[in-house]
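In what follows, every chain begins at residue 1, and chains take the letters A, B, ... in the order their sequences are listed.
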2 protein chains.
Amino acid sequence: MRIGELSRRAGVSVATIKFYVREGLLPAGELTSPNQASYGEAHVQRLRLIRALLDVGGLSVAAIREVIVAVDDRERSMHKVLGITANRLVPRYDRESDAAIEEARKRVAELVAARGWQVFPDNPAGEALAAALAALDDVGHGRFAEILDAYADAAERVARADMDYVAHHVAREALVESAVVGTVLGDAIFAALRRLAHVDASNRVFGRPGDDEGATEPT
Amino acid sequence: MRIGELSRRAGVSVATIKFYVREGLLPAGELTSPNQASYGEAHVQRLRLIRALLDVGGLSVAAIREVIVAVDDRERSMHKVLGITANRLVPRYDRESDAAIEEARKRVAELVAARGWQVFPDNPAGEALAAALAALDDVGHGRFAEILDAYADAAERVARADMDYVAHHVAREALVESAVVGTVLGDAIFAALRRLAHVDASNRVFGRPGDDEGATEPT
DNA sequence: GGGTTATGGATAGTGACACTCGCCGCTATC
DNA sequence: GATAGCGGCGAGTGTCACTATCCATAACCC
């Protein structure tokens, strides 16, 4: 297929496809003549992956490029690819190394130890967690950390479900891409579910009967 | 205190503070003379809230303005403020209304019904969930929806913990701000925990003993 | 009391980002 | 052989979160 059809199939403008090719997110089509190329199903798939990471996952183009290069590299272990995804997915908080973040890092290390997680806590995810806990302190909600265990329980449960899914439904070759997609879209899905659960809980606790303004939210 | 000290206390540049005042995120200081104003603790707190929502939560300045206006409005119910937060927090996916998203919406409605959640499924969070599920389908991971129940269980657990925290540790006046902070930072915390749990699970399942490259991830 | 620094207020500029446009000469198709 | 589409490329656009500069005045420091 040529670029016009690819554009229609993937719902991405021709100009944008050209841009992605220039940026190295999408391989160029196979040239059939000096200025004519043909694209295949793989291109459609790749475009959908790009859009999912971009729109739902909120990754930057540069981050997606790194992830995609890693996904395409059959030499890299899944571990490495996931590490790259996490590195790119997690925003960089270059907080000056003050006492608060140090203390938060210690709390993260304790949590990891208590859970028996086989993880170095200076992992990007651990750093992100420390930054979030420090931000919580800053804002005056240090006590929130008390319910961290409930969060960790939930995270373990979700991670277990993710592993089950991967084990049962994902072919070996597709493992890496699945992991990336699952990591990124899983965040979005969980966040949405949490929001729904909050609205429900909030309705039960605070909602007056007959007051349905909490259930649906016009802007 | 004057603007210089406020800047030092909050770790935000003077220029940026002026920008936030202009943008309506931060109330102006109280003028003591035509070109001299004084700021208080509330300003420090507010700045920290802004930075947390911006850096960790990833909200835009415009979104933060709406949230803050809602937080400051004592007339508004917590429900409404949370609705605004959710509206602003969740990215807008203006997907053309194709069959896929319609089908995803139906799946969301079924899930909500099965859970007995008192929520209108055309909630922004429900929409976000539908969009994420549709994106999952696009990318060829429709089966992922099979483990949605595990996600929903985890979300309920977290939401319950959140409510407990609010009930025990948050004063009535601070309820709304806490809810906003908890919603936004809670997402970041859970995502980080999930990532940590993944690394752990991945280590157990795929990691060769002695291969520690999955545990820590240099770029 | 005089020089340096800080301040409030306003306008304009910056750099990153994700596209988007327009052009060229060529090709496919009707 | 007209017309629409194409590949490739450089330049332009709009948004966003600041950042820089300017001015007149105020505070501080010897």
Side-chain angles (χ1 to χ4, degrees), chain A residues 1-40 43 46-47 49-68 88-89 91-95, chain B residues 1-40 43 46-68 88-89 91-94:
Chain A
M1 99 189 76
R2 291 186 301 162
I3 206 172
E5 191 181 344
L6 178 61
S7 166
R8 254 167 286 121
R9 288 275 306 278
V12 174
S13 81
V14 170
T16 300
I17 292 174
K18 290 179 176 184
F19 169 70
Y20 289 158
V21 172
R22 273 202 304 277
E23 292 293 311
L25 302 196
L26 188 68
E30 200 189 339
L31 281 178
T32 58
S33 49
N35 67 339
Q36 212 71 194
S38 87
Y39 303 84
H43 290 91
R46 174 56 57 87
L47 274 175
L49 173 62
I50 292 168
R51 296 309 312 187
L53 296 182
L54 206 50
D55 293 341
V56 182
L59 297 216
S60 70
V61 164
I64 294 173
R65 178 173 41 238
E66 290 184 62
V67 169
I68 272 175
R88 295 303 139 216
L89 183 54
R92 276 270 166 291
Y93 313 115
D94 34 65
R95 195 189 170 109
Chain B
M1 101 189 75
R2 291 186 302 161
I3 206 172
E5 191 180 345
L6 177 60
S7 165
R8 252 167 287 122
R9 290 275 307 277
V12 174
S13 82
V14 170
T16 301
I17 293 173
K18 289 180 177 183
F19 168 71
Y20 290 158
V21 171
R22 273 201 306 280
E23 292 294 312
L25 303 196
L26 189 68
E30 200 189 338
L31 281 178
T32 59
S33 50
N35 65 339
Q36 213 71 192
S38 86
Y39 303 84
H43 289 93
R46 173 57 57 88
L47 274 175
R48 293 197 172 135
L49 174 62
I50 292 168
R51 296 310 310 188
L53 296 182
L54 206 50
D55 293 342
V56 182
L59 297 215
S60 70
V61 165
I64 294 173
R65 178 173 39 238
E66 290 183 61
V67 169
I68 271 174
R88 295 303 138 217
L89 183 55
R92 275 272 166 292
Y93 314 115
D94 33 67

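Look at A/Ser13 and you won't find any side-chain N or O under 4.0 angstrom from OP1 or OP2 of C/dC19. B/Tyr20 has a side-chain polar atom (N or O) that falls below the 4.0 Å cut-off from OP1 or OP2 of D/dC18. For the pair B/Thr16 and D/dT19, the criterion of a side-chain N or O lying under 4.0 Å from OP1 or OP2 is met. Within the 4.0 Å cut-off from OP1 or OP2 of C/dG8, at least one side-chain nitrogen or oxygen of B/Tyr39 is found. In terms of phosphate contacts, B/Arg2 brings no side-chain nitrogen or oxygen within less than 4.0 Å of OP1 or OP2 of C/dT5.
At whole-Å resolution of the value, CG in B/Leu26 and P in C/dG9 are 12 Å apart. Atom-to-atom, CD of A/Gln36 to P of D/dG7 comes out at 6 Å; the value is rounded to the nearest Å. Atom CZ in B/Arg8 sits roughly 12 Å away from atom C1' in C/dT5 (whole-Å rounding). Regarding A/Phe19, its CZ atom lies at a distance of 17 Å from the C1' atom of D/dG7, rounded to whole Å. In this structure, A/Ile17 places its CD1 atom 12 Å from P of C/dC19, rounding to the nearest Å. With rounding to whole Å, B/Leu59 atom CG is found 12 Å from D/dC18 atom P. Taking atom CD1 on A/Ile64 and atom P on C/dA18, their separation rounds to 8 Å, with Å as the unit. Taking atom NZ of residue A/Lys18 and atom C1' of nucleotide C/dC24, one finds them 11 Å apart after rounding to whole Å.
Annotation: of the two residues near DNA chain D, A/Glu5 and B/Ala15, the 5′-most nearest-nucleotide partner is A/Glu5.
Comparing atom distances between the A/Leu31 side chain and each of C/dG9, D/dG7, C/dT7 picks out D/dG7 as nearest.
With B/Tyr20 as reference, B/Arg51 is the one residue of B/Arg51, B/His43, B/Arg65 to meet the side-chain hydrogen bond (donor to acceptor under 3.5 Å, both in side chains) rule.
Note that the CD1 atom of B/Ile50 and the OG1 atom of B/Thr16 stand 10.5 Å from one another [nearest 0.5 Å].
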Hey, mind stepping through A/Glu23 and A/Ile64 against side-chain contact (heavy atoms from CB on, under 4.5 Å) and telling me if it holds? CA-CA 10 Å; A/Glu23 292 293 311; A/Ile64 294 173; over 6 Å; no
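Nucleic acid contact for A/Arg51: sugar-phosphate only, since backbone atoms but no base atoms lie under 4.0 Å from a heavy atom of the residue.
A donor-acceptor contact closer than 3.5 angstrom is absent between the side chains of A/Tyr39 and A/Arg46.
A donor-acceptor contact shorter than 3.5 Å links the side chain of B/Ser7 to the backbone of B/Val12.
A donor-acceptor contact under 3.5 Å links the side chain of B/Arg22 to the base of D/dT19.
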